[in-house]
Amino acid sequence: MRVLASIAVGVALLSSIDQGLAQEDADLSWLPFDGDNFDNRKFISDDIVLLWQLGVDGNENRARFGFASRSEGYLAVGFSETGAMTGSQIALGRQTDDGFEFTARKAGGFFTPEVQEGSDITFVEGAQGDGVTGFVFDKDIHVDCGDGL
């Protein structure tokens, strides 16, 4: 059974997401990557977590994200300026017979998101096994308040 876990994330709001004590103290040993490399985390549910670290390689306009789910199959996270999936950038990972496959995609409408060539999303690592899927990627972050605000 394939499971698709996806969310739309407003990148500009990531640093203001409230983290409860239960989340900060939650066991992350099930992650297929090192969760200690991230300063921030948000549990979407007990089985899905998004982690992030602002400022990758000294670049304050780039962030590293870790995304994991206690599921097997596709795992995707979308970044949208409007909160809608249409127009969003999507990081998608899955296990294939040839290994872990990661693609950056663009949601253009109510059809399968197309692979986005020249994306600012860069794959770092990913794995699936023991009922867990997860991956790490870097992405440019932009905050546009418009009209000089």
Side-chain angles (χ1 to χ4, degrees), residues 1-19 23 26 28-146:
M1 176 179 176
R2 295 275 182 197
V3 177
L4 173 64
S6 63
I7 61 170
V9 177
V11 177
L13 300 177
L14 284 177
S15 61
S16 66
I17 293 176
D18 180 34
Q19 297 180 38
Q23 292 176 354
L28 296 177
S29 63
W30 59 274
L31 295 176
F33 51 81
D34 189 353
D36 291 335
N37 291 333
F38 301 89
D39 288 340
N40 307 284
R41 68 182 83 152
K42 177 65 179 173
F43 282 83
I44 310 309
S45 72
D46 290 341
D47 296 324
I48 303 172
V49 63
L50 176 69
L51 302 99
W52 67 96
Q53 177 67 42
L54 302 177
V56 174
D57 297 327
N59 183 348
E60 65 183 31
N61 295 315
R62 197 144 173 87
R64 176 156 292 167
F65 295 91
F67 192 49
S69 174
R70 291 183 204 202
S71 66
E72 293 185 349
Y74 296 89
L75 181 64
V77 59
F79 295 85
S80 172
E81 294 178 11
T82 65
M85 286 305 291
T86 299
S88 66
Q89 281 187 297
I90 299 169
L92 185 142
R94 68 183 183 126
Q95 187 69 37
T96 69
D97 292 338
D98 297 325
F100 195 82
E101 177 183 85
F102 178 88
T103 56
R105 296 180 174 261
K106 184 79 169 183
F110 294 101
F111 46 87
T112 301
E114 297 178 1
V115 173
Q116 185 180 22
E117 299 298 332
S119 170
D120 66 350
I121 297 175
T122 306
F123 178 65
V124 175
E125 66 176 297
Q128 184 177 81
D130 297 324
V132 174
T133 304
F135 54 85
V136 176
F137 62 96
D138 295 344
K139 182 182 181 332
D140 290 345
I141 54 173
H142 309 279
V143 178
D144 183 5
C145 296

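Counting from 1, the numbers follow the sequence of the chain as shown.
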Q) Can you check whether D39's main-chain N or O pairs, donor with acceptor, with Q53's side chain at less than 3.5 Å? A) yes

**Q.** Parallel, tilted or perpendicular, as decided by the 30° and 60° cut-offs, for the rings of F135 and F100
**A.** tilted

Q: Just jot down the side-chain contact (heavy atoms from CB on, under 4.5 Å) partners of E125, sequence neighbours excluded, or say none.
A: F33, V136

Q) Can you name the nearest heavy-atom pair linking Q89 to S119, along with the distance? A) NE2-OG, 3.6 Å

Q.
Tell me every residue that passes salt bridge (Lys or Arg N to Asp or Glu O under 4.0 Å) with E114, counting only those two or more places apart in sequence or in another chain.
A. none

**Q.** For R105, all residues meeting salt bridge (Lys or Arg N to Asp or Glu O under 4.0 Å), sequence neighbours excluded
**A.** none

**Q.** For T86, side-chain hydrogen bond (donor to acceptor under 3.5 Å, both in side chains) partners two or more places apart
**A.** none

Q | L92 side, atom CG; L75 side, atom CG - distance, nearest 0.5 Å | A | 7.5 Å

Q) Roughly how far apart are W52 CH2 and D138 CG, rounded to 0.5 Å? A) 15.5 Å

**Q.** Contacts of S88 that satisfy side-chain hydrogen bond (donor to acceptor under 3.5 Å, both in side chains) - sequence neighbours left out
**A.** none

Q) For the residue pair F65 and L50, what are the closest heavy atoms and their distance? A) CD2-CD1, 4.2 Å

Q: May I ask you to decide if R64's main-chain N or O and K139's side chain share a donor-acceptor pair within less than 3.5 Å?
A: no

Q. What's the shortest heavy-atom distance between V49 and L51, and which atoms?
A. CG1-CD1, 3.9 Å

Q | Member of D120, D57, T122 meeting the side chain to side chain donor-acceptor pair (under 3.5 Å) criterion with R62 | A | T122

Q. What pair of heavy atoms forms the shortest contact from F137 to F123, and how long is it?
A. CB-CA, 4.3 Å

Q: Determine whether E72 and Q128 make a side-chain contact, defined as any pair of heavy atoms from C-beta on separated by less than 4.5 Å.
A: yes

Q: Measure across S71 and T133 and return the closest heavy-atom pair with its distance rounded to 0.1 Å.
A: O-OG1, 2.8 Å

Q. With sequence neighbours excluded, what pairs up with R70 under the side-chain hydrogen bond (donor to acceptor under 3.5 Å, both in side chains) test?
A. none

Q.
Quick check: closest heavy atoms across A63 and V56, and the distance to 0.1 Å?
A. C-CG2, 3.2 Å

(Q) For the OH atom of Y74 and the CD atom of Q95, what is their distance to the nearest 0.5 Å? (A) 12.0 Å

Q) Got a second to check how far I90's CD1 is from I121's CD1, nearest 0.5 Å? A) 8.5 Å

(Q) Applying side chain to side chain contact (heavy atoms under 4.5 Å, CB included) to I48 and F67, what does each step give before you reach the verdict? (A) CA-CA 8 Å; I48 303 172; F67 192 49; 3.7 Å; yes

Q: Nearest 0.5 Å please: distance from the CG atom of L54 over to the CG atom of N59.
A: 11.0 Å

